[in-house]
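My questions all concern the structure below.
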Amino acid sequence: MLTIQAIKVEKERVIKGLVKRGWSDEQLKIVGKVIELDDARRRTQTELDQLLSEINSISKEIGSLFKSGKADEANALKRKVADIKATSGELETRQKDLKREIESQLLNIPNVPHESVPKGSSEDDNEVYQSWSGDLPQLDASAQPHWDLARKYNLIDFELGTKITGSGFPLYRGQGARLQRALIGFFLDEAAAAGYEEIIPPLLVNESTARATGQLPDKEGQMYYMEKDDLYLIPTAEVPVTNIYRDVIISENDFPIKLTGHTPCFRREAGSYGSDVKGLNRVHQFDKIEIVQIAHPDKSYEVLMEMIAHVEGLLKKLELPYRILRLCSGDLGFTSALTYDFEVYSAAQKKWLEVSSVSNFETFQSNRLKLRYKDGQGKKRLAHTLNGSALALARIVASLLENNQTPEGIKIPEVLTSYTRFDLIK
RNA sequence: GGAGGAGUGGCAGAGCGGUUGAAUGCACUGGUCUUGAAAACCAGCAUACUCGAGAGGGUAUCGGGGGUUCGAAUCCCUCCUCCUCCGCCA
């Protein structure tokens, strides 16, 4: 959520950003409206404060009148207070309504895209920031997609997952489970080596938490919800991990804060269908290692590049063909200022699969989180938050299986063999 | 799940209807003293909103929300969290 202060001070920049995101003149009216609402809020505040101040001083007077036995005068003042209270009560209601209205309007305004974000209307306009320079793996006609390979080598049982839970909940077994665990260990070790502190967070979060990172109210339908306990299953480790710093004021020399966590991620993915959801391409439960950084505003774009280099390093070590996209304004997430997506080539499907998304949210998230730091002057300022997948497992598994299939079996990248304890799936 | 108890400033801990935004101690910051440090002494030290060019003023906040009252940290209701005992349990 943008701050109302930022919208007022940087109105032109905000409007430019929204136009880049494709907002119409009609939609842009919300910016002026929210500023007007805030002006009204402040006027009401001033008026209300004056009345409350009056009530407070009269109350003190009443107290001393009672003490000195002047009950009549005191009672007269009581009636006066009652009159003022009628007005102040109205103002209070108006004030609450205004605040609620401002809040709900602000929730509809997305983050301002970074200037480097290319203008565009859909994913087709995303900029290939770094293309794959080598040859893409060419498989012969007998090559199989990962869901067939998974069955052939008894790695993943989609039917059993469906039996136990429902579609989109794969069951990994044998070497498939082992490969999964190897990847988790590898990614966590790499993150630790890069200075990230490992976190194992709760997988269920409360409403405040989901609200603070922006899953609520924007993506309510995307999360599994436990009605009885009023809790949500996390769609990503970002949610609990970033919320460690909700309502926290850190000191300037605590930067940078680097956290990582492996969790299963649960997504309802309502409305998805077709080849997109085939096999591991889109599932309701998958494992992901997330990296999160909390950065000084002056440093956050450096940090973003550092995180991209980290993800890139993982893909290189896994020997997977990948490319990096810079998301265009039309495909950029609501909360993000700049996002780079990583896609891995899945040779049998002949498809690029998204395996990571690395974003700088600037202060958009920290505003809701109330995550601040004290600067040199002791002033509190909002910190910048960033996160990225490093990496999302299911699709990595899919492309590993497809790209590394050979007549003898599926080759395991060297970097993983110390984790899997086998170098060939057969 | 049942029965009790408790939630006050960075921490500890008073206050239990009326100049209490909140005693006191510790911590912290500045100063005096000292060759330096410690000790001692003096002063300062919450957050948010708001008015004001500024100085400074106002309002709200004693776990969250609501209520009683002219007036609430103090009384009532409700929710949350923590502690103790019992039960259940990986």
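Letters A, B, ... are given to chains in the order of the sequence lines, protein chains preceding strands, and every chain is numbered from 1. Note that this is a predicted model, so its numbers are computed, not measured.
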Notebook entry, point to check: Whom does B:G54 pair with, Watson-Crick or G-U wobble, provided both distances fall under 3.5 Å?
Noted result: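 Across any shown strand, B:G54 pairs with none.
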Note to self: Check A:Lys317 with A:Glu190, please: is the shortest side-chain N to carboxylate O separation under 4.0 Å?
What the structure shows: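 Here A:Glu190 pairs with A:Lys317 in a salt bridge, since their nearest N and O are under 4.0 Å apart.
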Note to self: What's A:Ile62 touching, base or sugar-phosphate or nothing? Going by heavy atoms closer than 4.0 Å.
What the structure shows: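 Base contact.
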Check: Charged N to carboxylate O below 4.0 Å: is that the case for A:Arg42 and A:Asp39?
Finding: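 Result for this pair is yes, salt bridge flagged.
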Next item on the list: Determine the Euclidean distance between corresponding P atoms of B:C70 and B:C16; express it in Å to zero decimal places.
Entry: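 Roughly 23 Å separates the two P atoms.
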Note to self: What contact category does A:Asn75 fall into here, base, sugar-phosphate, or nothing, at under 4.0 angstrom with non-hydrogen atoms?
What the structure shows: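 Result for A:Asn75 = nothing.
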Item checked: P gap between B:G1 and B:C49, integer Å ->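 Rounded to whole Å, the distance is 39 Å.
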Next item on the list: Using chain A heavy atoms and a threshold of under 4.0 Å, write down where along RNA chain B the contacts begin and end, 5' to 3'.
Entry: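 That gives a stretch of B:G18 to B:G71.
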Check: Partner of B:U69 by Watson-Crick or G-U wobble geometry, both contacts under 3.5 Å, or none?
Finding: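 Partner of B:U69: none found under 3.5 Å.
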Notebook entry, point to check: Closest nucleotide of RNA chain B for A:Ser57 versus for A:Gln45: which of these residues is on the 5' side?
Noted result: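 Per heavy-atom nearest nucleotide, the more 5' residue is A:Gln45.
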Item checked: Expected output: side-chain A:Glu402 to main-chain A:Ala348 donor-acceptor under 3.5 Å ->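 Here the side-chain-to-backbone pair exists.
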Margin query: With rounding to the closest Å, how many angstrom separate the C1' atoms on B:U59 and B:C45?
Written below: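 Their C1' atoms lie roughly 22 Å apart.
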Notebook entry, point to check: Partner of B:A14 by Watson-Crick or G-U wobble geometry, both contacts under 3.5 Å, or none?
Noted result: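 Because no pair has both required distances under 3.5 Å, B:A14 counts as unpaired.
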Margin query: Need one value for A:Lys96: base, sugar-phosphate or nothing, where a base atom within 4.0 Å counts as base even if backbone is also close, heavy atoms only.
Written below: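 Sugar-phosphate contact only - A:Lys96 comes under 4.0 Å of backbone atoms but never of a base.
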Note to self: Using Watson-Crick or G-U wobble geometry with both distances under 3.5 Å, which nucleotide pairs with B:G44?
What the structure shows: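 B:G44 is paired with B:C28.
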Margin query: Work out how far the C1' atom of B:G36 is from that of B:A43, and round it to whole angstrom.
Written below: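 About 24 Å, rounded to a whole number of Å.
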Item checked: N-O pairing of A:Lys80 and A:Asp83 below 4.0 Å ->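 Salt bridge flag = no for A:Asp83 with A:Lys80.
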Item checked: Strand partner of B:A6, provided both Watson-Crick or wobble distances fall under 3.5 Å ->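 Looking at the geometry, B:A6 pairs with B:U81.
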Next item on the list: Give the ring-plane orientation class for A:Tyr224 versus A:Phe266, where under 30° counts as parallel, over 60° as perpendicular and anything between as tilted.
Entry: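 Answer is perpendicular, since the angle exceeds 60°.
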Check: If you measure from the C1' atom in B:G17 to the same atom in B:C75, how many Å do you get, rounded?
Finding: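 8 Å, rounded to whole Å.
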Note to self: Counting the atoms with a prime plus P, OP1 and OP2 as sugar-phosphate, which does A:Arg79 contact under 4.0 Å by heavy atoms, base, sugar-phosphate, or nothing?
What the structure shows: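 It contacts nothing in the nucleic acid.
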Note to self: Reading RNA chain B from 5' onward, which residue's closest nucleotide shows up sooner: A:Ala82 or A:Arg372?
What the structure shows: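 Mapping each residue to its closest nucleotide by heavy atoms, the 5'-most match is A:Arg372.
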Note to self: Using a heavy-atom cut-off of 4.0 Å across all strands, would you classify A:Arg43 as base, sugar-phosphate, or nothing?
What the structure shows: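 The answer is nothing, as A:Arg43 stays clear of every strand by at least 4.0 Å.
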Checklist line | Nucleotide forming a Watson-Crick or wobble pair with B:A90, both distances under 3.5 Å | finding: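 None - no nucleotide pairs with B:A90, as no candidate has both distances under 3.5 Å.
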Checklist line | Atom P, compared across B:G54 and B:C41: separation rounded to whole Å | finding: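 B:G54 and B:C41 have their P atoms separated by 39 Å.
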Side-chain polar contacts of residues 294-312 of chain A - donor-acceptor pairs under 3.5 angstrom, sequence neighbours left out - could you list them?
residue	atom	partner	partner atom	Å
A:His296	ND1	A:Asp298	N	3.0
A:His296	NE2	A:Glu252	OE2	3.2
A:Ser300	OG	A:Asn360	ND2	3.0
A:Ser300	OG	A:His384	ND1	2.8
A:Tyr301	OH	A:Glu362	OE2	2.4
A:Glu306	OE2	A:Lys258	NZ	2.9
A:Glu306	OE2	A:Gln293	NE2	3.1
A:Glu312	OE2	A:Tyr322	OH	2.8

Item checked: Base-pairing mate for B:C33 - Watson-Crick or G-U, with both contacts under 3.5 Å ->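 Answer to the pairing question: none, since B:C33 forms no Watson-Crick or G-U pair.
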Item checked: Separation between the P atoms of B:C28 and B:A37, rounded to whole Å ->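 Comparing P positions in B:C28 and B:A37 gives a spacing of 16 Å.
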Note to self: Please report the distance separating the P of B:U8 from the corresponding atom of B:A23, rounded so that it comes out in whole Å.
What the structure shows: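 Per the computed distance, 15 Å lies between those P atoms.
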Margin query: Using a 4.0 Å heavy-atom cut-off, does A:Lys80 contact any base of the nucleic acid, only the sugar-phosphate backbone, or nothing at all?
Written below: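 Since no nucleic acid heavy atom lies under 4.0 Å of A:Lys80, the category is nothing.
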Which atom pairs, one a donor and one an acceptor, fall under 3.5 Å between side chains of residues 325-334 of chain A and the rest of the protein, sequence neighbours left out?
residue	atom	partner	partner atom	Å
A:Arg326	NH1	A:Tyr340	OH	3.1
A:Arg326	NH2	A:Glu127	OE2	3.0
A:Ser329	OG	A:Lys20	O	2.7
A:Ser329	OG	A:Gly120	N	3.1
A:Ser329	OG	A:Gly120	O	3.2
A:Asp331	OD2	A:Asn126	ND2	3.0

Check: Between A:Arg151 and A:Glu159, is there a side-chain N and carboxylate O pair less than 4.0 Å apart?
Finding: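 Salt bridge flag = yes for A:Glu159 with A:Arg151.
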